[in-house]
Each structure stands twice: as structure tokens, then as C-alpha cells.
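The next block holds one structure in the form of C-alpha cells; read it before the comments.
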Amino acid sequence: MQFVVNNEEVTTNAAESTPLLYVLRNELGLRAVKYGCGTGHCGACTVLVDGRPENSCEFLVSLVEGCRVTTLEGLSNVELHPVQQAFIEEQAAQCGYCTTGLIMRLVSLLDTTPRPLIAEVHSALDRHLCRCGSHSRVLKVVDRLFSAELGGVTTSS
Ligand code: FES
Ligand code: FES
């Protein structure tokens with residue numbers, strides 16, 4: 001199977017039923033993609049497939065044939081992506097295990113819905129678990145990224 005990861009063409013001989021996560025981490029060495037629950041419930045493994053956020057732990061590698069996959073490693077070259085920068089400025093990570101998945105989710109939201117409703121923000125974040133309880137800081141990230149678009153209403157109010 002051939003597909004593009006972070007703007008580079010890759011080929012894998014993995015079985016078609018292999019989760020994309022295993023190919024990304026174990027074959028391609030992209031360790032920003034995290035294995036959390038492995039059952040599609042925590043969001044730690046989120047990557048973009050043709051711009052859409054997907055749980056790579058349950059997304060079969062056969063489904064990405066010909067697609068473009070983006071992981072955290074592919075977000076920036078010299079300068080950080082604005083979502084990464086916002087996480088740093090708000091110190092929104094503790095252990096960091098959930099962070100890359102959250103970043104990829106918010107990158108997708110920023111790309112597809114630059115003026116989201118608060119309900120859309122909550123719906124996006126609902127798919128991500130954080131065992132460290134960093135949620136309030138993540139909401140500050142959201143405020144930093146979207147507050148103007150949210151009409152001045154903050155997610156934390
Ligand atoms: S590891 Fe994929 S959703 Fe939890
Ligand atoms: S910062 Fe530790 S799981 Fe979210």
C-alpha cells in the first residue's frame with residue numbers, strides 16, 4: 001500500500017487489517033502518535049487523513065491507500081503551528097499523553113471551521129480524554145485560537 005505521510009510518499013507491506021497507528025509508530029517511527037485505549041475512546045492516537053481527524057488505533061491501514069496522512073511531526077518545519085504555540089503559551093499539557101491528539105483535533109477544527117459554535121468546540125473536544133485534568137487549560141487554548149470568532153464568548157464562561 002502506498003500513501004503520503006507528512007508530504008512524503010511511503011509504502012508498507014503491513015497486513016490490510018493493521019491499524020494505521022502501528023504503521024505510523026512502529027514502521028515509520030512517528031512517535032508523536034500515541035497509543036492510549038486502542039479502542040477508539042480516548043483520542044490520543046488522532047491523526048489527519050485527507051484533513052479529517054481519525055483515530056489511528058482503529059483506522060485500518062488499507063483505508064489510507066492513496067490518502068494524505070498528517071501527524072504532529074508534519075505540522076511545522078521552522079515555526080510551530082499556531083495550535084502548538086497556543087498549547088505552549090497556555091501550558092496546556094501535563095504528562096502530554098493526550099496532547100498530540102488534541103492538537104491534531106484543533107488543527108482540523110481551525111482548518112475546517114474557523115468560526116465554530118461553542119457546541120462545535122465542545123463536540124470536538126468531547127472525543128478526547130485527559131487523565132491529568134488539563135481540560136481547563138485546553139479551553140484557554142481554544143479561547144486563544146477562536147475567541148474572536150466565538151463572538152467574544154469564552155468556552156470557560
Ligand atoms: S488510542 Fe485510539 S482512541 Fe484511544
Ligand atoms: S496531559 Fe496527561 S493525559 Fe492529558
Side-chain angles (χ1 to χ4, degrees), residues 1 3-6 10 12-76 80-113 116 118-147 154-157:
M1 284 159 282
F3 54 104
V4 174
V5 179
N6 299 337
V10 299
T12 179
N13 295 320
E16 292 189 356
S17 59
T18 305
L20 174 61
L21 170 66
Y22 296 173
V23 174
L24 294 175
R25 280 186 62 88
N26 301 339
E27 281 191 37
L28 304 178
L30 297 168
R31 300 296 167 81
V33 191
K34 296 292 186 270
Y35 183 102
C37 63
T39 57
H41 290 93
C42 75
C45 63
T46 302
V47 300
L48 304 184
V49 178
D50 287 341
R52 296 185 314 276
E54 301 285 358
N55 291 330
S56 61
C57 70
E58 57 177 8
F59 202 89
L60 303 186
V61 70
S62 57
L63 298 177
V64 298
E65 172 88 53
C67 295
R68 301 182 72 82
V69 176
T70 307
T71 71
L72 186 87
E73 290 91 339
L75 282 188
S76 57
L80 292 176
H81 188 283
V83 177
Q84 291 174 296
Q85 192 61 44
F87 266 78
I88 290 172
E89 287 168 6
E90 296 297 346
Q91 298 184 31
Q94 193 161 320
C95 80
Y97 210 83
C98 66
T99 307
T100 55
L102 280 162
I103 289 173
M104 300 312 289
R105 177 72 58 179
L106 290 176
V107 165
S108 169
L109 190 64
L110 200 58
D111 286 346
T112 60
T113 317
I118 290 178
E120 291 173 310
V121 172
H122 287 172
S123 172
L125 295 180
D126 268 355
R127 299 159 194 266
H128 293 263
L129 302 181
C130 173
R131 61 190 171 186
C132 299
S134 68
H135 307 86
S136 59
R137 290 183 182 179
V138 173
L139 290 177
K140 287 185 177 176
V141 169
V142 171
D143 285 342
R144 184 179 282 269
L145 291 169
F146 297 108
S147 59
T154 67
T155 56
S156 49
S157 62

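Just so it is clear, the model here is predicted, and its values are computed rather than measured. Each ligand, and each atom within it, is numbered from 1 in the order the structure gives.
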Practice task
Kindly determine whether L125 and V142 satisfy side-chain contact (heavy atoms from CB on, under 4.5 Å), including the steps that lead there.
Solution key: CA-CA 10 Å; L125 295 180; V142 171; 3.9 Å; yes
Just verifying a value: how many Å separate [X] [atom1] and [Y] [atom2], rounded to the nearest 0.5 Å?
X	Y	atom1	atom2	answer
E120	T112	CD	OG1	8.5 Å
F87	L102	CZ	CG	5.0 Å
E90	Q85	CD	CD	11.0 Å
L21	E54	CG	CD	13.5 Å

Completion exercise
Of L48, V83, T113, the one forming a side chain to side chain contact (heavy atoms under 4.5 Å, CB included) with S108 is L48
Practice task
Quickly, which of V49, L20, D50 forms a side chain to side chain contact (heavy atoms under 4.5 Å, CB included) with F3? Name it, please.
Solution key: L20
Show which side-chain atoms of residues 61-71 pair as donor or acceptor with protein atoms under 3.5 Å away, not counting sequence neighbours.
{"residue": "S62", "atom": "OG", "partner": "E16", "partner atom": "O", "Å": "3.2"}
{"residue": "E65", "atom": "OE2", "partner": "Q2", "partner atom": "N", "Å": "3.3"}
{"residue": "R68", "atom": "NH2", "partner": "N7", "partner atom": "OD1", "Å": "2.6"}
{"residue": "T71", "atom": "OG1", "partner": "N6", "partner atom": "ND2", "Å": "2.9"}
{"residue": "T71", "atom": "OG1", "partner": "E73", "partner atom": "N", "Å": "3.3"}
{"residue": "T71", "atom": "OG1", "partner": "E73", "partner atom": "OE1", "Å": "2.6"}

Which side-chain N or O atoms in residues 92-100 pair as donor and acceptor under 3.5 Å with protein atoms at least two apart or in another chain?
{"residue": "Y97", "atom": "OH", "partner": "Y35", "partner atom": "O", "Å": "2.5"}
{"residue": "T99", "atom": "OG1", "partner": "G96", "partner atom": "O", "Å": "3.3"}
{"residue": "T100", "atom": "OG1", "partner": "A32", "partner atom": "O", "Å": "2.7"}

Practice task
Spell out the protein N/O/S atoms under 2.8 Å from atom 2 (Fe) of ligand 2 as residue plus atom name.
Solution key: C95 SG, C132 SG
Problem - Near atom 4 (Fe) of ligand 1 (under 2.8 Å) - protein N, O or S atoms - result: C37 SG, C42 SG
